[in-house]
4 protein chains.
Amino acid sequence: MSDAPVTDVGGIAGERLRSIIERIERLEEDKKGIADDIKDIYAEAKGTGFETKILRQIIRLRKMEKNDRQEQDALLELYKAALGME
Amino acid sequence: MSDAPVTDVGGIAGERLRSIIERIERLEEDKKGIADDIKDIYAEAKGTGFETKILRQIIRLRKMEKNDRQEQDALLELYKAALGME
Amino acid sequence: MSDAPVTDVGGIAGERLRSIIERIERLEEDKKGIADDIKDIYAEAKGTGFETKILRQIIRLRKMEKNDRQEQDALLELYKAALGME
Amino acid sequence: MSDAPVTDVGGIAGERLRSIIERIERLEEDKKGIADDIKDIYAEAKGTGFETKILRQIIRLRKMEKNDRQEQDALLELYKAALGME
DNA sequence: ATTGCGGTTTTTGCCC
DNA sequence: GGGCAAAAACCGCAAT
């Protein structure tokens with residue numbers, strides 16, 4: 001069992017809690033705003049004849065490829081470091 | 001079965017496709033950035049004695065309450081519409 | 001990579017697999033039956049002048065409120081646990 | 001815009017509304033109970049070495065095949081009816 | 001390491 | 001068939 005993590009209920013800790021919550025909520029709103037923007041683009045694309053499903057597949061595929069490339073790069077860095085190539 | 005939605009492969013449609021994809025990918029990156037910011041806040045909060053699990057629960061609860069209020073409003077609108085109160 | 005989870009193809013494991021599948025399928029049927037019952041009630045209500053859309057909204061709202069309460073309780077439990085009140 | 005669907009607010013219609021809502025909510029609960037049972041079976045199966053993902057695929061496949069068969073049967077009935085084979 | 005859990009996304013079904 | 005809500009599948013974190 002854990003000890004009481006924050007003992008100062010209602011005091012300065014309460015203020016910090018409020019700050020944390022609000023910062024997160026603010027960011028969550030931003031995130032939702034962007035998600036909505038993305039949805040709009042999909043809707044617009046659909047309206048001009050593109051298929052949402054295919055678009056999503058392309059996005060996913062490119063993301064995977066990008067991740068692969070990053071892994072490659074990381075591996076390369078590792079090798080270089082191991083060889084003292086800075 | 002649907003026809004090919006975009007026939008002009010390599011032409012202007014290809015350009016528009018590229019634009020759509022890139023706009024979405026840009027926004028996805030932004031979204032990820034914000035998600036990372038949120039994670040940072042949780043990590044920081046945890047480092048100063050708050051429990052992540054509780055924080056998340058509070059956020060979720062507040063979000064649901066907000067949704068409730070929005071649904072209440074939507075329901076009220078529905079009733080008004082149903083009663084011809086426009 | 002995971003090993004083959006069930007090696008005894010055709011043997012006892014096959015029998016257990018069949019049992020699992022059939023139990024799930026049976027329950028899925030029951031679930032579908034209930035879903036159909038719900039649809040019937042909506043249809044009947046609509047036939048006597050209620051608007052389905054509003055009914056669904058009410059149901060959803062009440063469900064969310066119930067969830068809120070449950071989350072409240074869960075949060076309270078979390079707090080108690082965090083304070084060592086077991 | 002639609003006319004007022006239920007004029008007797010608070011009277012007998014209110015009683016009927018309550019009845020409808022409660023019947024639906026009751027059935028929704030039942031449905032949820034069954035869904036939970038299904039989840040339990042998946043969890044149990046996983047605990048004894050089956051892969052949930054595969055199990056779900058099997059279920060889906062069998063369901064499709066069953067639907068196909070039902071469509072086949074319906075088609076057959078149609079033909080028979082068209083041929084007066086009753 | 002692995003398993004549960006929360007969030008997100010994708011699919012499905014429903015109603016219009 | 002097209003939009004909308006519900007369900008399911010997938011993913012990623014976190015805790016153990």
Side-chain angles (χ1 to χ4, degrees), chain A residues 1-2 24 27-28 31-32 34-36 38-39 42-43 46-47 51-57 59-60 63-64 67, chain B residues 1-3 24 28 31-32 34-36 38-43 45-47 50-61 63-64 67 71 74 78, chain C residues 1-3 5 24 27-28 31-32 34-36 38-43 45-47 50-61 63-64 67 71 74-75 78 81-82, chain D residues 2 24 27-28 31-32 34-36 38-40 42-49 51-60 63-64 67:
Chain A
M1 198 52 50
S2 78
I24 292 172
L27 288 170
E28 291 283 5
K31 189 150 74 86
K32 174 138 194 1
I34 294 177
D36 288 342
I38 293 172
K39 271 208 317 192
Y42 277 118
K46 182 173 190 173
E51 290 185 32
T52 303
K53 204 170 175 178
I54 306 294
L55 292 179
R56 289 186 189 278
Q57 279 179 355
I59 301 279
R60 214 179 322 147
K63 190 176 178 183
M64 286 174 62
N67 288 344
Chain B
M1 194 54 52
S2 77
D3 296 318
I24 291 172
E28 292 282 5
K31 189 150 76 87
K32 174 137 195 3
I34 294 177
D36 288 342
I38 292 172
K39 268 207 319 190
D40 288 345
I41 297 181
Y42 277 117
K46 184 174 189 172
F50 291 98
E51 290 188 29
T52 305
K53 203 170 175 181
I54 293 182
L55 292 179
R56 288 185 187 278
Q57 188 89 352
I58 293 171
I59 301 279
R60 206 176 328 135
L61 189 58
K63 188 176 178 185
M64 290 183 79
N67 287 345
E71 296 253 338
L78 276 181
Chain C
M1 193 55 52
S2 79
D3 296 317
I24 291 172
L27 288 169
E28 292 283 5
K31 190 150 74 85
K32 175 138 196 1
I34 293 178
D36 289 342
I38 293 172
K39 268 206 319 189
D40 288 345
I41 297 181
Y42 277 117
K46 183 174 191 171
F50 290 98
E51 290 189 28
T52 304
K53 202 171 175 181
I54 293 183
L55 292 179
R56 288 185 188 278
Q57 189 87 352
I58 293 171
I59 301 280
R60 205 177 327 136
L61 189 59
K63 188 176 176 184
M64 291 182 77
N67 287 343
E71 297 252 340
L75 185 56
L78 275 180
Chain D
S2 78
I24 292 172
L27 288 169
E28 292 282 5
K31 190 150 74 85
K32 175 137 195 0
I34 294 176
D36 288 342
I38 293 171
K39 271 209 316 193
D40 288 345
Y42 278 116
E44 175 204 328
K46 183 175 190 172
T48 55
E51 291 185 32
T52 303
K53 203 171 174 178
I54 306 293
L55 291 179
R56 288 185 190 278
Q57 279 179 354
I58 294 172
I59 301 281
R60 214 179 321 147
K63 190 177 176 184
M64 285 176 61
N67 289 342

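Quick note on labels: first sequence line is chain A, next is B, and so on, each numbered from 1.
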TODO: Could you tell me whether C/Lys46 contacts a base, only the sugar-phosphate backbone, or nothing, with contacts defined as non-hydrogen atoms closer than 4.0 Å?
DONE: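 Result for C/Lys46 = sugar-phosphate.
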- [ ] Would you name the heavy atoms of C/Gln57 and B/Glu71 that are closest together and state the gap between them?
- [x]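 Taking C/Gln57 first and B/Glu71 second, the nearest heavy atoms are NE2-O, 3.5 Å.
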Task: Minimum heavy-atom distance C/Met64-B/Asn67, with the two atoms named - done: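 Answer, listing the atom of C/Met64 first, then B/Asn67: CE-CB, 3.4 Å.
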TODO: Take nucleotides 6-13 of chain E nucleotide by nucleotide from the 5' end and write B, S or -, depending on whether a protein heavy atom sits under 4.0 Å from the base, only from the sugar-phosphate, or from neither.
DONE: -SSSSS-S
Open item on the list: Without decimals, in angstroms, what is the distance between C/Glu51 CD and E/dC15 C1'?
Closed with: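 After rounding, the reported distance stands at 14 Å.
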Can you tell me how far the [atom1] atom of [X] sits from the [atom2] atom of [Y], to the nearest 0.5 Å?
X	Y	atom1	atom2	value
B/Ile58	B/Phe50	CD1	CZ	9.0 Å
C/Tyr42	C/Thr52	OH	OG1	8.0 Å
C/Ile54	C/Leu61	CD1	CG	12.5 Å

Open item on the list: Going 5' to 3' along DNA chain F, which are the first and last nucleotides with any atom under 4.0 Å from a heavy atom of chain D?
Closed with: F/dA7 to F/dC10
- [ ] Name all residues meeting the salt bridge (charged side-chain N to carboxylate O under 4.0 Å, His left out) criterion together with D/Asp36; count only those two or more places apart in sequence or in a different chain, and write none if there are none.
- [x]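 Residues passing salt bridge (charged side-chain N to carboxylate O under 4.0 Å, His left out) with D/Asp36: D/Lys32.
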Task: Sequence-distant partners of B/Arg56, salt bridge (charged side-chain N to carboxylate O under 4.0 Å, His left out), two or more places apart - done: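 B/Arg56 satisfies salt bridge (charged side-chain N to carboxylate O under 4.0 Å, His left out) with no residue once adjacent residues are dropped.
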Task: Any residue meeting side chain to side chain contact (heavy atoms under 4.5 Å, CB included) with C/Ile41, in chain and number order, not counting sequence neighbours - done: D/Ile20, D/Arg23, D/Ile24, D/Leu27
